[in-house]
**Q** 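Got a structure here, written out as structure tokens. Questions coming.
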Amino acid sequence: MASLNILYVEDDPLAASAVQALVTQGGDHLAWVQSGRAGLQRAAADRFDVIILDRMLPDLDGLTIVSRLRAAGIETPVLMLSALGRSENRIEGLDAGVDDYLAKPYEPQELLARVKALHRRSSGKVHGAVIIYGALECHLKARTAFRAGRHIALSPREFELFRYFMENAGETVTREMLLRDVWNMSFDPQTNVVDVNIGRLRRKLEDGFTTPALETIWGAGYRLTACE
Amino acid sequence: MRPEAGARRRGSIVWRVAAASLLIAGLAVTLLFAASWSTLRRGTSEALAATVTTDIAGLIDIHASGGERELLRRVADRKDVVSLEGRRPHYLVARANGTPLAGDIRVWPPLSAALSEQGYVTLAGGTPVYARAAKLGPDLQLLVAREYAQDRETMRRLTHIFLAVGAAIVLGVGAVAMLTARGLARRIDHVNANLRAAAEGYPAALESPGTPRDEIDELALQGARLLARQARLVRVQKHVSDHVAHEIRTPLMHLDARLAAALQERSEPGGSGTLTRSRADIRTIVAMLDSLLDIASNEGRRGDLAGLSELDLSALLTDVAALYEGSVEEAGLALETAIEPGVTMLAERMQIVRLVSNLLDNAIKYVPAGGTVRLALTHGPRIIIADDGPGIPPEDRARIFERFARSAGQVSQPGHGLGLALARAIAQRHGLVLRLDETARGACFVAEPET
């Protein structure tokens, strides 16, 4: 994937430098502005792939910035990064027009995964009859899964999970993405309920094989590997 | 959707005020008519009595001075005279047995001459008159009468005038009362709509009249003050909550970032070292802070309809059940679902998921392998999460929904005792009651509308 051009609006220099280091390490470009008004101006003036937006800014509230961006017809995906992480705060953010909401403190890998996922979602997905990734095959019409030519028996929900991983093959998939896109849930119950489902899929994908098919990215989510 | 003004009212002040005004106006016109009619009738009777009495007194004098012949002659002369008031006179001079001697009346009416009786009678020809009788001698009696058709016409006209004017007055009063009451009702409705909207959590601003003109202005003024105060308190509460969260989370985030950096330099195999545990503790503190703020927020927004929308509860609980299937199976339990289709309610999707997932998590945590967890939904809506596990000890049942309440059996399990308090606060915010139902075995939580 080509490197991303990201706009980051954050008034806390410490938090900003951490994100700056994280993003540039991955080869992406980050433009950092310290105030809401400057953020609005940059978002309108330049083209960005993703905007990371702090919520509590000294001049303009993050929610107001998103509303103004959307009102101005700027549809760049926005990830709100906020110290306000209650469900009520998340609802306010999503209602205002943000595409994803991540509460501080967060895992750096999860932030990266979410930024990339946001970009993928806004770019659109490729749909075909069969998705092949390494030794894994997902037959969409027949709703069947294979590894190295061997059929993997999956329940309907496990197939949906597998299909989602295949559609995002090689990318980190967060728990919230799985809840939203596989189980139609807009909320993480904060239990191990997703991990249990992943564990069951992983056992089926890895049963009889020596190499792992699903990798856990600590604090961020999971990634399908191009297994043999 | 914001409720319509007056949508929940059964009656209106408009009709009550209009009906009361109509009744009072009708009663007043009727009483006035009765008094006028009675006064006029009494005046007419007195005038007739005076005329008849004067006439008969004159004739008695004539009889006394001129004798019977003179009387008969005078009566004959008078019968064609019509008084200025238009009351035609009638006379009868007769013997004691009623034999007429003079006058135009042929038959003696039922009035006693001996008693000098007077009153309204009808003559033999059918003419209604006011008459008075007098005894002039042992075998002579006199009757003087006056017609009162003109007086009756006056009474009839008075009645018609009262009917027409009275009806106009009653209708006029009714119309004015209705217009006035409508004006009042409109103003009261405006105040009510704003107060109701504010009570249900919608943004409401009541205009505050500078100088109150009347009681409704005073009501609007007090309402505006109350709404402004309420809005200020909500703002302050939200401001404090947000800032508490922000000011606690920010240093924790920096601490977490430093721990993460240290962890990168000195990896801890197995993820169980001091740094990893410290990071886990930070997340626990943040989660606990969020839960406490969420409980307070949900309790504060009890009955607040703002932010709620029509939710397909059946579809949502089916999704939740699908999400939990794996966890239930992993725990060696069976999940039974009985979800009625088409159950909807005004709700916030994310919060209902929290409510149900908190209860399901509890069941999975405490029910030993081999047990069953049941998730049911019926119209009402009524959500039931039941299990056949060890249940809640009777001594703990009264306080399980309190913050940080944990029973003896729960102490060994992870958690802070905030899950049920949060679940109940979410239920309350949605107009539901979350209670622990009596059951023979295990625990049975029921969320249903408040009664």
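All chains are named by letter (A, B, ...) in the order of the sequence lines, taking the proteins before the strands, and each is independently numbered beginning at 1. Only this structure's heavy atoms are used, side chains among them; waters, hydrogens and symmetry mates stay out. Here the structure is a predicted model, which means the values were calculated and not measured.
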**Q** Where do B:T250 and A:A83 come nearest, in terms of heavy atoms and distance?
**A** OG1-CB, 4.2 Å
**Q** Would you say that B:S357 contacts A:V193 through its side chain, given a criterion of any heavy-atom pair below 4.5 Å between the two side chains?
**A**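 Side chain of B:S357 against side chain of A:V193, heavy atoms only: no contact under 4.5 Å found.
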**Q** Please confirm whether the backbone N or O of B:D319 pairs with a side-chain atom of A:N184, one donor and one acceptor, at under 3.5 Å?
**A**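 Checked: no pair found.
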**Q** Flag the one option from B:R301, B:E247, B:M253, B:E348 with the top tally of heavy-atom pairs under 4.5 Å to chain A.
**A** B:M253
**Q** When you check the gap from the basic side-chain N to the acidic O, do B:D290 and A:R86 get nearer than 4.0 Å?
**A**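 Not counted as a salt bridge, because no side-chain N and carboxylate O are separated by less than 4.0 Å.
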**Q** Is it the side chain or the backbone of A:D95 that comes within 4.5 Å of chain B heavy atoms, both, or neither?
**A**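 When you check distances to chain B, no heavy atom of A:D95 falls under 4.5 Å.
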**Q** With a cut-off of 6.0 Å (strictly less than), are more than 12 heavy atoms of other residues, nucleotides or ligands near NE2 of A:H29?
**A**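 Incorrect, the count does not exceed 12.
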**Q** Chain B heavy atoms under 4.5 Å from A:D195: which part of the residue, side chain, backbone, both or neither?
**A**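 For A:D195, neither part sits under 4.5 Å from chain B.
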**Q** Using a cut-off of 6.0 Å, state whether more than 12 heavy atoms not belonging to B:Q264 lie near its atom CD.
**A**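 No, because the 6.0 Å sphere around CD of B:Q264 holds 12 heavy atoms or fewer from other groups.
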**Q** Working to the nearest 0.5 Å, report the span between OG of B:S327 and CG of A:N197.
**A** 6.0 Å
**Q** Can you tell me which of B:Q351, B:E325, B:R279 forms the most heavy-atom pairs within a distance under 4.5 Å of chain A?
**A** B:R279
**Q** Is there a side-chain contact between A:E88 and B:M350 in this structure, where contact means two heavy atoms from C-beta onward sitting under 4.5 Å apart?
**A** no
**Q** Please flag which part of B:R349 lies under 4.5 Å from any non-hydrogen atom of chain A: side chain, backbone, both or neither.
**A** side chain
**Q** Does any non-hydrogen side-chain atom of B:H254 lie less than 4.5 Å from one of A:D12?
**A**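 Touching, per the 4.5 Å side-chain cut-off.
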**Q** Measuring from atom OG of A:S87 to atom CG of B:L293, what distance do you get when rounded to the nearest 0.5 angstrom?
**A**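 Going from the OG atom of A:S87 to the CG atom of B:L293 covers 10.5 Å.
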**Q** Taking all non-hydrogen atoms of both residues into account, name the closest pair between A:Y106 and B:D256 and its distance.
**A** O-OD2, 4.1 Å
**Q** What's the separation between atom OG1 in B:T318 and atom CH2 in A:W183, rounded to the nearest 0.5 Å?
**A** 15.5 Å
**Q** Taking A:E107, A:R200, A:K104 one by one, which has the highest count of heavy-atom pairs under 4.5 Å against chain B?
**A** A:R200
**Q** Are B:D242 and A:N89 side-chain neighbours, meaning at least one heavy-atom pair lies under 4.5 Å?
**A** yes
**Q** Please flag which part of A:R157 lies under 4.5 Å from any non-hydrogen atom of chain B: side chain, backbone, both or neither.
**A** side chain
**Q** Heavy-atom distances under 4.5 Å only: say whether B:V356 touches chain A with side chain, backbone, both or neither.
**A** neither
**Q** Please state whether the side chain, the backbone, both or neither of B:H246 comes within less than 4.5 Å of a heavy atom of chain A.
**A** both
**Q** Please look at B:A257 and chain A and tell me whether the side chain, the backbone, both or neither of the residue comes under 4.5 angstrom of a heavy atom of that chain.
**A** neither
**Q** For chain A, which residues of residues 329-339 of chain B have at least one non-hydrogen atom nearer than 4.5 Å to it?
**A**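 Listed by number: B:E329, B:E330.
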**Q** For A:M185 versus B:L323, what's the shortest heavy-atom pair and its separation?
**A**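 Looking at all heavy atoms of both residues, the shortest contact is CG-CD2, 4.2 Å.
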**Q** Mind listing the closest non-hydrogen atom pair of A:P105 and B:I282 along with its distance?
**A**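 Closest pair (atom of A:P105, atom of B:I282, distance): CG-CG2, 4.1 Å.
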